[in-house]
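Here it is: the structure, laid out below.
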There are 2 protein chains.
Amino acid sequence: MADVAKLASVSLKTVSRVVNEEDNVSRVTAVAVQKAIQALGYRRNEHARALRQELGPRMLGLVTKDVSNPFYSAITRGIEDVVRDRSLMVVTGSSDEDGARERELLELLCERRVGGLLVVPTGSDHSFLASELAVGTPIVFIDRPPCNLAADTIFIDNVGGAQAGVAHLVAHGHRRVALVGDIPEVFTTSERVRGYRLALRAAGLGFDESLVRLGCHDSTAAEQATRELLALRPPPTAVFACNNRITYGALRALSGVPLRERPALVGFDDFELAALLSPPVTVVAYDPVELGRQAAQLICERLDGASGPPRQIVVFTELVVRGSGELPPPA
Amino acid sequence: MADVAKLASVSLKTVSRVVNEEDNVSRVTAVAVQKAIQALGYRRNEHARALRQELGPRMLGLVTKDVSNPFYSAITRGIEDVVRDRSLMVVTGSSDEDGARERELLELLCERRVGGLLVVPTGSDHSFLASELAVGTPIVFIDRPPCNLAADTIFIDNVGGAQAGVAHLVAHGHRRVALVGDIPEVFTTSERVRGYRLALRAAGLGFDESLVRLGCHDSTAAEQATRELLALRPPPTAVFACNNRITYGALRALSGVPLRERPALVGFDDFELAALLSPPVTVVAYDPVELGRQAAQLICERLDGASGPPRQIVVFTELVVRGSGELPPPA
DNA sequence: TTGAAAGCGCTACCAA
DNA sequence: TTGGTAGCGCTTTCAA
């Protein structure tokens, strides 16, 4: 900036005025300064600028399990949409369901002084974020609650959604309804299992441990688990899949079974091609973009100074009936 | 920091040493300083720090059409994976195929002084990025070339891939092969159309304008276009879909047609459930995660000082035969 | 309309 | 092992 001032034969302050488009600069001077800026390829140093005037937040951090999972990228999009007109941008990171990695990413983001944090948490302790929260950075948890920390959280109605899905299967005559899911340490899994049990109990059905296969981290494991379920004697007549990955795996396992022997299937999470499969897949659906939007809205309110105790928001689900969930049990 | 120094009764410099975990600080002093830091909730000001020592880039900007599209979120993931051990994070933005929005995002990123830019471009002029490039910020274009700017670019082998896909249909006896695609202004679309034409010519088949439906922005438009093609007399016996959205639309249109009358289908871009549909979908595949990885690698090399003229890298495709592309034409 | 000087919070350099 | 001082590039305040 000093160089520009020298070249344009004006003072530092005048250059500053031009750069910041302030008033009180004559046309001629302004043009001369512009020319000098061009000539030198000058660009204002944002750090020095930030040092003087306290400018608002420029970035929001977002840590999910995996950006490339459509569920999380939809959330990302929802957040982007909301913060867009505040000129905020989103920095993303994938934890791969690894608590240490999550912490690493979160600390990297804090170090970079993001204006707010959005987290689909995975770790078993988020107390390390307390100081960030204390310093005024808003933090919103998405889809799962934080551990050892009080913060805003957005949930899906996991229990209610699973309950509705399983009740739907029961209503279609199924008495042996299996469940395939991730490890029970994952909040959404345990909640959905809870919904499953509630639905069974409400129908007066017992809980059969052998019909529950947890611990499936990916669709391959889910496929395997589903095959094992099919091999049971007697096999389940219906399967409840706890999330989209699990549903994909279950679908692969089921695709080999003749239609009239095929167990009914209801999956938690909707997915793009669900209607095109045969039979089309009945799912417990909700809009992940909306989940992101709500989270962003919440963080924006905090950014605008909303104080008060941590809030919890629940996004409700909807059963989308397409066919796979209405298959009757074999006679 | 001055406050901390005062509270701990040490000099500013000593506090600085503790904060930066430098040597030459006695245990006792260090502990005292730590305590003062805790007490005051002190956090180092990154801007002031950056002002003094020239610390490397901390962020990379990524602008795509839409983060929530699995294709782009896979690219995002590939980039993340590569830059992860350099402690670089990725800031994302969605242009929605809008040139003005793209420019807005890119300028926002430049203003924020990201260490590098990755762009799946949409606009028709990227000359405004020349100054950023001149100042030393590496820029890598992904999937499509920039306009009015010379920069590193990573491509898919669009022509070769489309050619292989269409040749495959022809090899299965099809003479009336339709094409459904986005607007021809999209680089990948025009290239794929080129591959389509080359394959037809190589087979000695004429180019029939009425079998080409361009301008489909989304899967709904593609569904409609496919229906129109099916209504032709005589209808095409095979369809080549230019990208994943188009394939989804075509699938919806085709799903109502009885199997023995159904045209063969080959899609460009693989997708998760392609193998589960009936018939399973034959596609021209490549790994979008790899695309992101390569782009990140390129930008990292530039970050490490690699100079030299802009580079172009081509990622090759692979025909994945699953069934839909091998349906014979009706006798 | 323009400019001089102070100082934001930190680190580099040299001295003690 | 410690501390003082200069100065990074900018904006702010006040004076011309």
Side-chain angles (χ1 to χ4, degrees), chain A residues 1-58 110-115 131-132 135-137, chain B residues 1-58 87 110-115 131-132 134-137:
Chain A
M1 183 139 156
D3 298 336
V4 174
K6 194 174 297 173
L7 181 61
S9 310
V10 295
S11 82
L12 211 76
K13 177 61 208 175
T14 304
V15 178
S16 172
R17 287 203 179 92
V18 173
V19 168
N20 292 300
E21 297 172 332
E22 281 172 35
D23 289 338
N24 293 329
V25 180
S26 75
R27 262 270 148 33
V28 220
T29 329
V31 171
V33 171
Q34 294 284 15
K35 201 160 293 173
I37 288 175
Q38 285 291 326
L40 270 53
Y42 165 82
R43 330 191 69 212
R44 155 174 83 190
N45 182 322
E46 288 303 313
H47 293 302
R49 181 182 161 78
L51 200 53
R52 288 303 266 150
Q53 59 181 31
E54 212 38 77
L55 58 186
R58 334 265 296 149
C110 291
E111 204 173 275
R112 259 140 245 225
R113 292 290 170 88
V114 292
S131 61
E132 191 68 25
V135 112
T137 310
Chain B
M1 183 143 153
D3 297 337
V4 175
K6 195 174 297 174
L7 183 61
S9 310
V10 295
S11 81
L12 211 72
K13 177 64 207 170
T14 303
V15 178
S16 171
R17 286 202 179 92
V18 173
V19 168
N20 294 299
E21 296 173 333
E22 282 172 34
D23 289 339
N24 293 328
V25 180
S26 75
R27 261 276 151 25
V28 220
T29 328
V31 170
V33 172
Q34 296 282 18
K35 201 159 294 173
I37 288 177
Q38 286 290 328
L40 270 53
Y42 165 83
R43 329 191 73 211
R44 155 174 86 187
N45 181 325
E46 286 305 312
H47 293 301
R49 180 182 161 79
L51 201 53
R52 282 311 259 137
Q53 60 180 29
E54 212 35 77
L55 58 182
R58 335 264 295 149
S87 294
C110 291
E111 203 174 276
R112 261 140 243 226
R113 292 291 169 85
V114 293
S131 61
E132 191 68 26
V135 113
T137 310

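Just so we're clear, the structure is a prediction, and the values are computed from it rather than from any experiment. Sequence lines set the chain letters: A, B, ... in the order given, protein chains first and strands last, and positions in each chain run from 1.
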* Does OP1 or OP2 of C:dC10 have a side-chain N or O of B:S16 closer than 4.0 Å? -> no

* Where each residue is assigned the nucleotide of DNA chain D containing its nearest heavy atom, which of B:R52 and B:V25 is assigned the position nearer the 5′ end? -> B:V25

* Asked: Within the structure, does a side-chain N or O atom of A:Q53 lie under 4.0 Å from either OP1 or OP2 of C:dC8?
  -> no

* Interatomic distance where NZ belongs to B:K6 and P belongs to D:dG4 [whole Å] -> 13 Å

* **Separation of atom NE2 in A:H47 from atom C1' in D:dC10, rounded to whole Å** => 13 Å

* How long is the line joining CG of B:L55 and P of D:dC8, in whole Å? -> 17 Å

* Asked: Has the side chain of B:R17 got a donor or acceptor that lies under 3.5 Å from a partner of the other kind on the base of D:dT1?
  -> no

* Structure fact -> A:L12 has its side chain closest, among D:dG3, D:dT11, D:dT2, to D:dT11

* From B:K35 atom NZ to B:L7 atom CG, the distance as rounded to the nearest 0.5 Å -> 11.0 Å

* Structure fact -> Taken to the nearest whole Å, CE/A:M1 to P/D:dG7 is 19 Å

* To do: Look at the side chain of A:R44 and decide which nucleotide, out of C:dC10, D:dC10, C:dT1, has an atom nearest to it.
  => D:dC10

* Asked: Is the count of non-hydrogen atoms from other residues, nucleotides or ligands lying under 6.0 Å from B:Q38 atom CD greater than 12?
  -> no

* How close or far is atom P of D:dT1 from atom CD of B:E22, stated in whole angstroms? -> 13 Å

* Select from B:K13 and B:L51 the residue whose nearest nucleotide in DNA chain C is closer to the 5' end of that strand. => B:L51

* **Non-hydrogen side-chain atoms of A:V135 and A:R113 separated by less than 4.5 Å** => no

* When you check the phosphate oxygens OP1 and OP2 of C:dG3, does a side-chain N or O of A:T14 lie under 4.0 Å from one of them? -> yes

* Quick one: is D:dT2 close enough that its OP1 or OP2 comes under 4.0 Å of any side-chain N or O from B:T29? -> yes

* Nearest to side-chain heavy atoms of B:N20, which nucleotide of C:dT11, D:dT11, C:dC10 -> C:dT11

* **Residue A:N24, side-chain heavy atoms: nucleotide from C:dC10, C:dT1, D:dG3 that is nearest** => C:dT1

* Asked: Is A:E111 paired with B:R44 through a side-chain N to carboxylate O contact shorter than 4.0 Å?
  -> no

* **A:I37 CD1 - D:dC10 P separation (whole Å)** => 10 Å

* When all nucleic acid strands are considered with a 4.0 Å heavy-atom cut-off, which category describes B:V19: base, sugar-phosphate, or nothing? -> nothing

* Closest nucleotide of DNA chain C for A:A30 versus for B:N45: which of these residues is on the 5' side? -> A:A30

* Which atoms form the tightest heavy-atom contact between A:R17 and A:N24, and what is the distance? -> CD-O, 4.0 Å

